[in-house]
Amino acid sequence: MEDKLKNIEFPEFKNDFHMVRLSIFLTESWLMESVRKFFDEFDITAQQYNIMRIVEASEVPLSILQIREKMLEKMCDASRLIDRLILKELVIKKVSVIDKRLVEVYITEKGLELLAEIKGKVSALEKPIRDNISEEEAATLCALLSKMRGSEPEICC
């Protein structure tokens with residue numbers, strides 16, 4: 001994908017911070033499109049993959065609310081995403097034996113098989129980044145993005 005910044009006529013930028021904001025928006029769009037295309041091969045979305053990873057990693061069954069709290073994207077409709085995973089037979093819901101008001105989500109054998117297949121190919125998502133920046137530049141970028149958010153590097157670096 002070519003650099004969209006080079007092909008767009010921009011009014012004069014107010015400052016470098018303005019340019020950073022726009023560059024991050026364009027980068028997010030570029031990254032999300034590549035992620036969408038990757039997960040299309042497996043007939044799931046990145047959010048559904050995130051839910052499956054959360055459920056798989058948990059040592060105890062999780063409620064929908066607990067899953068939502070652990071998701072990368074906090075504003076999504078976890079219930080709807082889980083219902084779609086159920087239709088694909090990748091997860092199931094069961095009433096909690098401890099609290100009958102709660103529904104717990106479990107990953108199925110089919111879901112575990114799909115996760116294993118995806119994990120074997122997920123490094124392909126890094127290829128466009130690896131092709132364009134060094135590992136040292138990636139660490140610097142990660143640190144700068146964390147600093148911009150005013151937080152410690154929680155996911156990368």
Side-chain angles (χ1 to χ4, degrees), residues 1-60 62-88 90-91 93 102-103 105 107 111-112 114-157:
M1 182 178 282
E2 60 185 277
D3 188 356
K4 290 183 181 181
L5 284 174
K6 292 179 182 174
N7 297 327
I8 299 174
E9 288 292 324
F10 292 111
E12 190 172 317
F13 289 104
K14 296 175 187 163
N15 52 46
D16 287 341
F17 301 108
H18 183 199
M19 182 67 174
V20 165
R21 185 170 41 90
L22 179 60
S23 183
I24 290 171
F25 286 151
L26 290 173
T27 303
E28 177 198 23
S29 177
W30 172 76
L31 282 171
M32 294 311 292
E33 180 63 16
S34 68
V35 168
R36 185 194 61 75
K37 285 179 182 177
F38 174 80
F39 284 110
D40 278 353
E41 174 186 342
F42 305 101
D43 193 32
I44 64 170
T45 65
Q47 293 171 326
Q48 289 170 333
Y49 174 70
N50 187 216
I51 288 172
M52 292 173 61
R53 292 277 318 265
I54 290 166
V55 172
E56 177 199 33
S58 178
E59 294 178 9
V60 296
L62 297 173
S63 70
I64 294 171
L65 178 62
Q66 290 169 315
I67 292 169
R68 183 180 299 122
E69 289 171 349
K70 293 176 181 286
M71 290 185 69
L72 296 173
E73 217 174 300
K74 304 294 185 199
M75 299 303 292
C76 71
D77 184 352
S79 295
R80 180 183 55 82
L81 293 167
I82 290 168
D83 287 343
R84 289 187 178 169
L85 289 169
I86 290 169
L87 289 174
K88 295 175 187 194
L90 300 172
V91 300
K93 289 193 290 192
L102 285 180
V103 175
V105 180
I107 193 157
L112 289 171
L114 180 62
L115 277 180
E117 182 183 354
I118 293 170
K119 286 178 185 176
K121 298 178 179 180
V122 79
S123 64
L125 288 172
E126 296 173 7
K127 185 175 179 352
I129 299 167
R130 286 184 180 278
D131 287 351
N132 293 300
I133 64 174
S134 70
E135 199 164 331
E136 182 180 321
E137 289 170 323
T140 300
L141 177 58
C142 185
L144 288 170
L145 291 170
S146 293
K147 183 177 180 180
M148 183 184 74
R149 290 189 311 271
S151 64
E152 293 295 317
E154 65 263 347
I155 294 177
C156 58
C157 301

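Owing to the predicted nature of the structure, the values given are computational and were not obtained by experimental measurement.
Screening Ile54, Val35, Ile44, Leu85 against Tyr49 for a side-chain contact (heavy atoms from CB on, under 4.5 Å) leaves a single residue, Ile44.
By the neighbour-count criterion of 12 heavy atoms within 6.0 Å, atom CZ of Arg36 is densely surrounded, having more than that number from other residues, nucleotides or ligands. For Asn15, the CG atom is densely surrounded, since the number of other residues' heavy atoms within 6.0 Å is greater than 12.
Nearest heavy-atom pair, Cys76 versus Arg68, reported as atom, atom and distance to 0.1 Å: O-NE, 4.1 Å. The minimum heavy-atom distance linking Phe38 with Ala124 is given by the pair CE1-CB, 4.4 Å.
Looking at Gln48, its side chain does come within 3.5 Å of a backbone N or O of Thr45 through a donor-acceptor pair. A donor-acceptor pair is defined here as one N or O able to donate and one able to accept, closer than 3.5 Å; such a pair exists between the side chain of Ser34 and the backbone of Leu31. In terms of modelled atom types and a separation under 3.5 Å, the side chain of Ser23 and the main chain of Met19 share no donor-acceptor contact.
Looking at residues two or more places apart in sequence or on another chain, you find a side-chain hydrogen bond (donor to acceptor under 3.5 Å, both in side chains) between Ser134 and Glu137. Applying the side-chain hydrogen bond (donor to acceptor under 3.5 Å, both in side chains) test to Arg21 and every residue at least two apart in sequence or in another chain returns nothing.
To the nearest 0.5 Å, atom CD1 of residue Ile64 and atom CD of residue Glu69 are 12.5 Å apart. Distance check: Glu135 CD to Ile129 CD1 gives 12.0 Å after rounding to the nearest 0.5 Å. Atom CG of Leu72 is separated from atom CZ of Arg53 by 9.5 Å, given to the nearest 0.5 angstrom. To the nearest 0.5 angstrom, Ile51 atom CD1 is 11.0 Å from Leu62 atom CG. Rounding to the nearest 0.5 Å gives a distance of 8.5 Å between OG of Ser63 and CD1 of Ile82. For the atom pair CZ of Phe42 and CE of Met52, the computed distance is 10.5 Å after rounding to the nearest 0.5 Å.
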Cut-off 3.5 Å, no hydrogens considered: what does the side-chain donor-acceptor table look like for residues 114-121, sequence neighbours left out?
unit_1: Lys119; atom_1: NZ; unit_2: Glu56; atom_2: OE1; d: 2.8
unit_1: Lys119; atom_1: NZ; unit_2: Glu56; atom_2: OE2; d: 3.1
unit_1: Lys121; atom_1: NZ; unit_2: Glu41; atom_2: OE2; d: 3.0

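Considering only heavy atoms from C-beta on, Ser58 stays 4.5 Å or farther from Lys70 through its side chain. Side-chain contact between Arg84 and Leu90: absent, with no pair of heavy atoms (C-beta onward) separated by less than 4.5 Å. The shortest side-chain heavy-atom distance between Met148 and Ile24 falls under the 4.5 Å cut-off.
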